[in-house]
Student: 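Let me give you the structure first, and then I'll get to my questions.
Here the structure is a predicted model, which means the values were calculated and not measured.
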Amino acid sequence: WDDAILYCQLLVIDGKDNWRLPNKNELYTIYEYSNDFDRGNYWSSDEMDINGACFVNFNNGIQYKMSKHVNYRARPIRTIRPLERI
């Protein structure tokens with residue numbers, strides 16, 4: 001989990017460096033509306049306690065708590081703000 005957080009924070013794609021790990025609701029929305037991701041477990045940014053965090057299983061959409069030391073996938077996202085009107 002810590003590595004997934006760090007990976008997203010250090011990620012740069014096309015000059016964009018404001019990537020982050022999605023929270024469990026954002027991650028569930030990705031699961032629900034996208035078929036482009038490999039099945040498996042993806043970490044969310046939601047920390048459950050000092051030892052555990054939430055992940056979403058992309059086989060069934062269920063959210064679980066797991067030890068932060070387990071290796072799961074990271075799905076980085078960016079928050080894009082709409083352009084302000086001039």
Student: Give a yes or no on whether the backbone of Ile5 and the side-chain of Trp43 come within a donor-acceptor separation of less than 3.5 Å.
Tutor: no
Student: Any side-chain heavy atom of Asp49 within less than 4.5 Å of one from Lys65?
Tutor: yes
Student: Answer yes or no: is there a side-chain heavy-atom contact under 4.5 Å between Leu27 and Asp46?
Tutor: no
Student: Would you confirm whether Asp14, through its side chain, and Lys16, through its main-chain N or O, come within 3.5 Å as a donor-acceptor pair?
Tutor: no
Student: At their closest point, which heavy atom of Asp38 faces which heavy atom of Arg73, and how far apart are they?
Tutor: CB-NH1, 2.6 Å
Student: From Gln9 CD over to Trp19 CH2, what is the distance, rounded to the nearest 0.5 angstrom?
Tutor: 14.5 Å
Student: Would you find a donor on one side and an acceptor on the other, under 3.5 Å apart, between the side chain of Ser44 and the backbone of Pro22?
Tutor: no
Student: Between Asn41 and Asn57, do the side chains contain a donor N or O and an acceptor N or O under 3.5 Å apart?
Tutor: yes
Student: Quick one, Ile62 with Tyr64, criterion side-chain contact (heavy atoms from CB on, under 4.5 Å). Give me CA distance, side-chain angles, the key distance, then yes/no.
Tutor: CA-CA 7 Å; Ile62 297 176; Tyr64 298 93; 3.5 Å; yes
Student: Checking Tyr72 against Met66 for the side-chain contact (heavy atoms from CB on, under 4.5 Å) test, could you report, in this order, the C-alpha distance in whole Å, the side-chain angles of both residues, the deciding distance, and whether it holds?
Tutor: CA-CA 10 Å; Tyr72 288 149; Met66 180 56 70; 3.6 Å; yes
Student: Could you go through Glu32 and Ile30, starting from their C-alpha distance and side-chain angles, then the distance that decides it, and tell me whether this counts as side-chain contact (heavy atoms from CB on, under 4.5 Å)?
Tutor: CA-CA 5 Å; Glu32 199 171 35; Ile30 293 168; over 6 Å; no
Student: Under 6.0 Å between ring centres: does that hold for Tyr42 and Phe58?
Tutor: yes
Student: To the nearest 0.5 angstrom, please state how far the OH atom of Tyr31 sits from the CZ atom of Arg39.
Tutor: 6.0 Å
Student: Measure the shortest side-chain to side-chain distance between Tyr7 and Leu11 over non-hydrogen atoms and say whether it is less than 4.5 angstrom.
Tutor: yes
Student: Give, for atom CD1 of Ile13 and atom CG of Asn18, the distance between the pair rounded to the nearest 0.5 Å.
Tutor: 10.5 Å
Student: For the atom pair CG (Leu6) and CG (Leu10), what is the distance rounded to the nearest 0.5 Å?
Tutor: 4.5 Å
Student: Using a 4.5 Å cut-off on heavy atoms from C-beta on, say whether the side chain of Cys8 contacts that of Leu21.
Tutor: yes
Student: Is there a side-chain contact between Glu26 and Arg20, using heavy atoms and a 4.5 Å cut-off?
Tutor: yes
Student: Determine, for Asp2 against Lys68, whether the closest basic-nitrogen to carboxylate-oxygen distance falls under 4.0 angstrom.
Tutor: no
